Amino acid sequence: MANSEILYPRTGDRQTIYLKNAITDAGITVGDYTMYNDFVNDPTGFEKNNVLYHYPINHDKLVIGKFCSIACGAKFLFNSANHTMDSLSTYPFPLFFDEWELEKTNITEAWDNKGDIIVHNDVWIGYEAVILAGVTIGDGAIIGTRAVVTKDVPPYTVVGGVPAKPIRKRFHDKTITELLKLKWWDWSEEKISQNMKAIQSGNIERMRGI
């Protein structure tokens, strides 16, 4: 039976991890069996190397669901990277509060806060893709290689490019609706194992009645 509590799920492979078991930051939540592969850096350095400008003072969150596949170099770019555009200058004066005799409590005024990054379940994020603050990615979506995702991605939609745009839906609307109701990723490990062929078949007919 599969075990979501181990760090390295594949024998002899130190490039692939179950990501939740490498997370220490309370502002990051990752679901069971979500994997991250890194052939450039140590994958356990995900928080440092892949989650950028994620400072506690901003209280923004990264939430990643179950059974996601995250490729090497994917980046999650948070709100502190967004110099404010409401000011007449984009220079982050509030960060230099001592030099400019500003209130230390107003540091977050240096950037625009677009919100959390939410990645739902069974999402595949391609090599060196970038996900920006405030974006929600729906269940079953696919993010293309080196895509820059600036807007929400609907469930079971393939996106790519800079900025990322929809390429196609993975399935017909009826199938997508059924999959979203089934929520197979919330099944028990035993039930998933018993129905693996149905999940892998690509045919929703085999999933009906389970």
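FYI, the numbering just counts along the sequence from 1. Values in this document were obtained by computation on a predicted structure and should not be read as measured data.
Classification of the His54-Phe78 ring pair by plane angle, with boundaries at 30° and 60°, yields tilted. Note: Tyr91 and Phe96 have parallel aromatic rings, judged against thresholds of 30 and 60 degrees for the angle between ring planes. The aromatic rings of Tyr36 and Phe46 sit perpendicular to each other, their planes meeting at more than 60°, with 30° as the lower class boundary.
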Would you please test Ile64 and Ile70 for side chain to side chain contact (heavy atoms under 4.5 Å, CB included) and show each step? CA-CA 10 Å; Ile64 302 175; Ile70 304 174; 4.0 Å; yes
Test log, rule side chain to side chain contact (heavy atoms under 4.5 Å, CB included), inputs Ile137 and His120: CA-CA 6 Å; Ile137 300 175; His120 286 275; 6.0 Å; no
Candidate pair Arg14 and Asp42, rule salt bridge (Lys or Arg N to Asp or Glu O under 4.0 Å), full reasoning: CA-CA 8 Å; Arg14 290 298 183 268; Asp42 182 346; over 6 Å; no
Step by step, would you call Ile192 with Phe67 a side chain to side chain contact (heavy atoms under 4.5 Å, CB included)? CA-CA 12 Å; Ile192 292 173; Phe67 292 97; 3.7 Å; yes
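If you take OG1 on Thr29 and NZ on Lys61, they are separated by 7.0 Å, rounding to the nearest 0.5 Å. The OH atom of Tyr156 sits 8.0 Å away from the CD1 atom of Ile176 when rounded to the nearest 0.5 Å. Taken to the nearest 0.5 Å, the CZ atom of Arg146 stands 5.0 Å off from the OH atom of Tyr127. Taking CG from Asn21 and OH from Tyr8, the interatomic distance works out to 11.0 Å, rounded to the nearest 0.5 Å.
Residues Ala110 and Pro94 approach most closely at N-CG, 3.7 Å, considering heavy atoms. Between Pro166 and Val159, the shortest heavy-atom distance links the atoms CA-CG1, 3.8 Å. Residue Asp112 comes nearest to Met85 through the heavy atom pair OD2-N, 3.1 Å, listed as atom of the first residue, atom of the second, then distance. Contact detail for Asp86 and Thr84: the closest heavy-atom pair is N-OG1, 3.2 Å.
There is a side-chain donor-acceptor pair under 3.5 Å between Trp111 and Asn58.
In summary, the aromatic rings of Trp100 and Phe93 are positioned with their centroids under 6.0 Å apart.
For the pair Thr108 and Asn113, the minimum side-chain heavy-atom distance is 4.5 Å or more. At least one side-chain heavy atom of Lys20 sits less than 4.5 Å from a side-chain heavy atom of Ser4. Residues Gln15 and Phe39 meet the side-chain proximity criterion, which asks for heavy atoms closer than 4.5 Å. Looking at heavy atoms from C-beta onward, Glu189 lies out of side-chain contact with Asn3 at the 4.5 angstrom threshold. Under the 4.5 Å side-chain criterion, counting only non-hydrogen atoms from C-beta, Leu95 is in contact with Ile107. Between Ile125 and Val149 the shortest side-chain heavy-atom distance does not fall below 4.5 Å. Contact annotation: the side chain of Ile204 approaches that of Leu182 to within less than 4.5 Å [non-hydrogen atoms, C-beta and beyond]. Looking at Val51 and Ile28, their side chains come closer than 4.5 Å, going by heavy atoms from C-beta outward.
Classification of Asp60 and Lys114 as a salt-bridged pair fails, no side-chain N sitting under 4.0 Å from a carboxylate O.
Each of Asp32, Thr34, Asp139 was evaluated against Asn121; a single residue qualifies, Asp139, per the side chain to side chain donor-acceptor pair (under 3.5 Å) test.
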